[in-house]
Protein chains: 2
Amino acid sequence: MCRSKGLRITGPRRIIISVISEMADYPDIVELHRRIQAVNRRISLSTVYRNLRQLVEAGMVIRHTFEHGRSRYELAGRLHHDHLVDHKTGKLIEFHSPELETLLDNLAAQHGYKVVGHRLQVYVEASTAADPQD
Amino acid sequence: MCRSKGLRITGPRRIIISVISEMADYPDIVELHRRIQAVNRRISLSTVYRNLRQLVEAGMVIRHTFEHGRSRYELAGRLHHDHLVDHKTGKLIEFHSPELETLLDNLAAQHGYKVVGHRLQVYVEASTAADPQD
DNA sequence: TTGCGTGCAAATCCTTTGCAGTCCA
DNA sequence: TGGACTGCAAAGGATTTGCACGCAA
């Protein structure tokens with residue numbers, strides 16, 4: 001895959017891609033760097049940034065820009081989905097809603113447009129049983 | 001309003017709030033600072049940042065974090081809405097969909113959460129009559 | 001008078017970049 | 001060998017903060 005993009009297969013790149021392709025969550029750069037350094041202590045943050053940028057351009061990784069702070073990265077090529085974001089813990093919960101997609105299609109159509117993509121983050125908090133208000 | 005928040009009514013603050021309450025678009029800090037300095041050249045960027053932060057906390061202004069770069073601010077107190085973004089022209093079309101809100105509430109509830117807010121941008125393109133594919 | 005508010009500069013945080021040395025093809 | 005890749009440090013852009021002074025209440 002690297003070769004098809006004209007990228008050389010270097011030691012650092014090999015490790016970075018291996019860590020990335022195993023990620024099942026949405027780590028930020030620092031966390032990724034930590035995981036990568038666990039394999040090879042010498043790999044620098046810049047190299048991780050540079051490689052991640054290339055992988056995003058290559059379509060292998062999706063970069064999410066949530067609220068301010070570090071971006072978080074996701075392995076691409078999975079079913080489209082959006083996220084619930086627990087604003088207290090930062091935890092992400094994936095969901096897929098065909099109903100939502102349909103709704104957006106209709107909304108766009110009402111304005112004479114068609115949807116080509118969307119970004120949605122739903123900020124939530126745990127709704128414990130003890131919730132007087134609603 | 002300031003008084004009720006325990007904020008003093010200073011010269012700079014008066015100008016900042018007046019400029020803000022007239023904004024009908026989504027300016028970023030630099031643009032706002034420009035408008036504010038058009039009234040009083042001595043008002044600093046930090047002061048604009050500091051006041052904006054307070055106004056956001058006070059709920060008078062909404063801070064949008066689109067893709068990377070400067071945040072953009074919107075006068076609050078209008079009906080909640082989201083945006084269709086024409087990805088070719090950059091044009092923003094506001095829309096409000098109670099149906100969407102309900103859907104999100106339900107989705108969150110299914111996961112044991114309640115919605116405290118959301119960010120949605122729907123990227124669209126003009127759907128001309130001539131559209132063979134779907 | 002008190003202490004919030006301000007301007008300025010410096011500091012932070014996240015990300016990118018210049019440079020010189022390294023190493024893959 | 002040549003040019004892509006890397007590590008390091010420094011640069012950049014957005015935002016915040018420390019400090020001393022000024023001003024509203």
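Note that these values count all heavy atoms, side chains included, but never hydrogens, waters or copies made by symmetry. Residue numbers start from 1 in every chain, and the chains themselves are labelled A, B, ... in the order their sequence lines are given, proteins ahead of strands.
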Mind calculating the distance between [atom1] ([X]) and [atom2] ([N]) to the nearest angstrom?
{"X": "A:Arg70", "N": "C:dC14", "atom1": "CZ", "atom2": "P", "answer": "4 Å"}
{"X": "A:Arg14", "N": "C:dC24", "atom1": "CZ", "atom2": "P", "answer": "9 Å"}
{"X": "B:Arg13", "N": "C:dG5", "atom1": "CZ", "atom2": "P", "answer": "5 Å"}
{"X": "B:His33", "N": "D:dT15", "atom1": "NE2", "atom2": "P", "answer": "14 Å"}
{"X": "B:Tyr49", "N": "C:dG5", "atom1": "OH", "atom2": "C1'", "answer": "19 Å"}
{"X": "B:Gln54", "N": "D:dT17", "atom1": "CD", "atom2": "P", "answer": "12 Å"}
{"X": "A:Ile17", "N": "D:dC5", "atom1": "CD1", "atom2": "P", "answer": "11 Å"}
{"X": "A:Leu32", "N": "C:dT15", "atom1": "CG", "atom2": "P", "answer": "11 Å"}

Q | 5' priority, DNA chain C, between A:Val30 and B:Gly11 [closest heavy atom] | A |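 Whichever sits nearer the 5' end wins; that is B:Gly11.
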How is [X] classified with respect to the nucleic acid when contacts are heavy atoms under 4.0 Å: base, sugar-phosphate, or nothing?
{"X": "B:Arg63", "answer": "sugar-phosphate"}
{"X": "A:Arg50", "answer": "base"}
{"X": "A:Ser46", "answer": "base"}

Q.
Side chains of A:Asp82 and A:Leu100, heavy atoms from C-beta outward: is any pair under 4.5 Å?
A.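 A:Asp82 reaches A:Leu100 side chain to side chain.
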Q) Do the side chains of B:His83 and B:Phe95 get nearer than 4.5 Å, heavy atoms only? A)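 With C-beta onward as the side chain, the pair stays apart.
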(Q) For C:dC4, does the base pair up with any side-chain atom of B:Arg8 as donor and acceptor (N or O, under 3.5 Å, distance only)? (A)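 Counting by modelled atom types and ignoring angles, a donor-acceptor contact under 3.5 Å is found here.
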Residue-phosphate contact under 4.0 Å: [X] side-chain N/O, [N] OP1/OP2:
{"X": "B:Arg53", "N": "D:dT15", "answer": "no"}
{"X": "B:Arg42", "N": "C:dG7", "answer": "no"}
{"X": "B:Thr47", "N": "C:dT6", "answer": "no"}
{"X": "B:Thr10", "N": "C:dT6", "answer": "yes"}

Q: Begin with the C-alpha distance, continue with both residues' side-chain angles, and end with the deciding distance and a verdict on salt bridge (Lys or Arg N to Asp or Glu O under 4.0 Å) for B:Asp28 and B:Arg70.
A: CA-CA 6 Å; B:Asp28 62 26; B:Arg70 292 190 276 266; 3.2 Å; yes
Q | Basic-acidic side-chain contact under 4.0 Å: B:Asp25, B:Arg35 | A |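 Yes, B:Asp25 and B:Arg35 are salt-bridged.
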Q | Which residue lies more 5' along DNA chain D, comparing B:Ser71 with B:Ile9 via nearest heavy atoms | A |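 Closer to the 5' end of DNA chain D: B:Ser71.
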**Q.** Centroid separation A:Tyr123 to B:His118 less than 6.0 Å
**A.**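 Ring-ring flag for A:Tyr123/B:His118: false, centres at least 6.0 Å apart.
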